[in-house]
Peer 1: 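Take a look at this one; I'll ask things after.
Both counts, for ligands and for their atoms, begin at 1 and track the order of listing. Atoms considered below: every heavy atom in the structure, side chains included; atoms not considered: hydrogens, waters and symmetry mates.
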Amino acid sequence: MTITTNVVIIGAGPAGSLLSHILHRAGIESVVVERSSRSHVLERIRAGVLEWGSVEVLRAAGVGDRMDEEGHVHDGASLVWAGGEPLFLDINKNVGSHFMSYGQTRIQEDLYDAADANGTSFVFEAADVEVHDATSDRPSITFRKNGELERIEADYVIGCDGYHGAARQAIPDTVLRTFEKEYPFGWLGIMSETPPLPDLVYANHEQGFALASQRNPMLSRYYVQCPLTDNVEDWSDDRFWSALTTRLGSTLGDRVVTGPSIEKSIAPLRSFVAEPMRYGNLFLAGDAAHIVPPTGAKGLNLAISDVHYLSRGLIDHYGSGDDGTLERYSDMALRRVWSSVMFSWSLTNLMHRFPGQTAFDQRAQETELDYLASSTHAQASFAEQYSGIPFEIPVTC
Ligand code: FAS
Ligand code: PHB
């Protein structure tokens, strides 16, 4: 069976479901085609920090009410290293901005609730998605649903299908340029129903990196760096809490409220960028085009900024026929992507212990952190990058 629509979106993660929702509010029809089940997407535990620009995009899209009720606004985050007292990097004082703790899982629930209210067409458990005729005026996708081959023809195909998706594969190797870096360690993350530390804390320790984060006043999210060869089974809760509290240092480590983990997983770290983010009438947004190590809390935020830019281009196209923003999309999105990729790479290098790291390397990291503590200019630069550089297109309601 073949159906036609304005925009067909591959992937119902945060990028695809936010784009579909914003287009719906502008009267633009879309169909979202997702490989997994709705419940599987909702079960994923991922990001936890929203740049202020992302908060504004979600509010402007009308899906920010529960975020504003349950999210926690932070004026800054703390760094701790070499057994010293934590350094609170005051983002509000330095650049007049904030960030919000609000889990990606919640955002996904909010977006699916909005899709249900919109009546937008989502196809879950779609297999073998393929993009066809991306450079024609009528690109299409095919997929299998309950064994039946389906086709959707559209004006535009948007790949929001993540790093392992099908959309990027439709761009010929003669056109696509990719940039990749893999890190020689992973993050072991746990969730525990315990009160979190008040602030997010990033720790550089000779045993390795650690991060204290949160989801709500009774749900903590913690991470410790671990070897890529480790499995979750290698890490009992006791071993995890011991590593975390050691790496956070005595001041903060003594304040951690431990408890049984309700989720435990290991994520690999990589930096990846695919250029361009457009090929004919195929566009890429979110993890389909870029991946960052979670150190800088940028992955989800880049997905939201891509959608902010792309939705404006599509709204201009269907509204006034102006294709200027669509023409600029790839270059504009990539400027923000590379800025976040660089910040995430830089902070990962600063905060983690690399295999073969020498005493010199450790001392050099600590010296850079000492400089950050001593320089208001360095702190302002960190604050601007962590809370998110300004959008090239302002957010409007
Ligand atoms: P997503 O990957 O979320 O969504 C893509 C969707 O496309 C998925 O639902 C997938 O099932 C679907 N799909 C894939 N292939 C398909 C196909 N062929 N056909 C149809 N559908 C297909 N970011 C942070 O900022 N902080 C973090 O702490 C953090 N932790 C993370 C931990 C893990 C384990 C992972 C994998 C990512 C993490 N991220 C984190 C990054 C993450 O939040 C992403 O940036 C965010 O999910 C990006 O959203 P999307 O671009 O929508 O991609
Ligand atoms: C999280 O809360 O999951 C989180 C917070 C900050 C990061 C990465 C992950 O840099």
Peer 1: Tell me the contacting part of Ala297 for ligand 2: side chain, backbone, both, or neither, using a 4.0 Å heavy-atom threshold, strictly below.
Peer 2: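 For Ala297, backbone and side-chain atoms both sit under 4.0 Å from ligand 2.
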
Peer 1: Would you mind telling me if ligand 2 is within reach of the side chain of Thr295, the backbone, both or neither, using heavy atoms under 4.0 Å?
Peer 2: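 The answer is the backbone of Thr295.
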
Peer 1: What residue and heavy atom of the protein are closest to atom 8 (C) of ligand 2, and at what distance?
Peer 2: Pro294 O, 3.2 Å

Peer 1: Under 4.0 Å from ligand 2, counting heavy atoms only, is it the side chain of Arg46, its backbone, both or neither?
Peer 2: backbone

Peer 1: Report the part of Val33 (side chain from C-beta onward, or backbone N, CA, C, O) that has a heavy atom under 4.0 Å from ligand 1; answer both or neither where that applies.
Peer 2: backbone

Peer 1: Can you classify the ring geometry of Trp187 versus Tyr223 as parallel (below 30°), tilted (30 to 60°) or perpendicular (above 60°)?
Peer 2: tilted

Peer 1: Assess Arg151 against Phe143: is NZ or CZ under 6.0 Å from the centre of the six-membered ring, and within 45 degrees of the ring's axis?
Peer 2: no

Peer 1: Would you find a donor on one side and an acceptor on the other, under 3.5 Å apart, between the side chain of Ser340 and the backbone of Val337?
Peer 2: no

Peer 1: Within less than 4.0 angstrom of ligand 1, does Ser36 place any heavy atom?
Peer 2: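 Ser36 counts as a contact of ligand 1 under the 4.0 Å cut-off.
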
Peer 1: Consider ligand 1: state whether an atom of it lies below 4.0 angstrom from any non-hydrogen atom of Tyr163.
Peer 2: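 Checking ligand 1 against Tyr163, which is what was asked, there is no heavy-atom contact under 4.0 Å.
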
Peer 1: Check each atom of ligand 2 against the heavy atoms of Gly48 and keep those under 4.0 Å away; list them by number with element.
Peer 2: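 Answer for ligand 2: 1 (C), 2 (O), 3 (O).
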
Peer 1: Do Arg336 side-chain atoms and Ile389 backbone N/O form a donor-acceptor pair below 3.5 Å?
Peer 2: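 Yes, Arg336 side chain to Ile389 backbone: donor-acceptor pair under 3.5 Å.
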
Peer 1: Of all the non-hydrogen atoms in the protein, which one sits nearest to atom 6 (C) of ligand 2, and at what distance?
Peer 2: Tyr202 OH, 3.3 Å

Peer 1: Identify whether the distance between the nearest side-chain nitrogen and carboxylate oxygen of Lys264 and Asp237 falls below 4.0 Å.
Peer 2: yes

Peer 1: Any non-hydrogen atom of Arg44 lying under 4.0 Å from ligand 1?
Peer 2: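 Flag set, Arg44 near ligand 1.
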
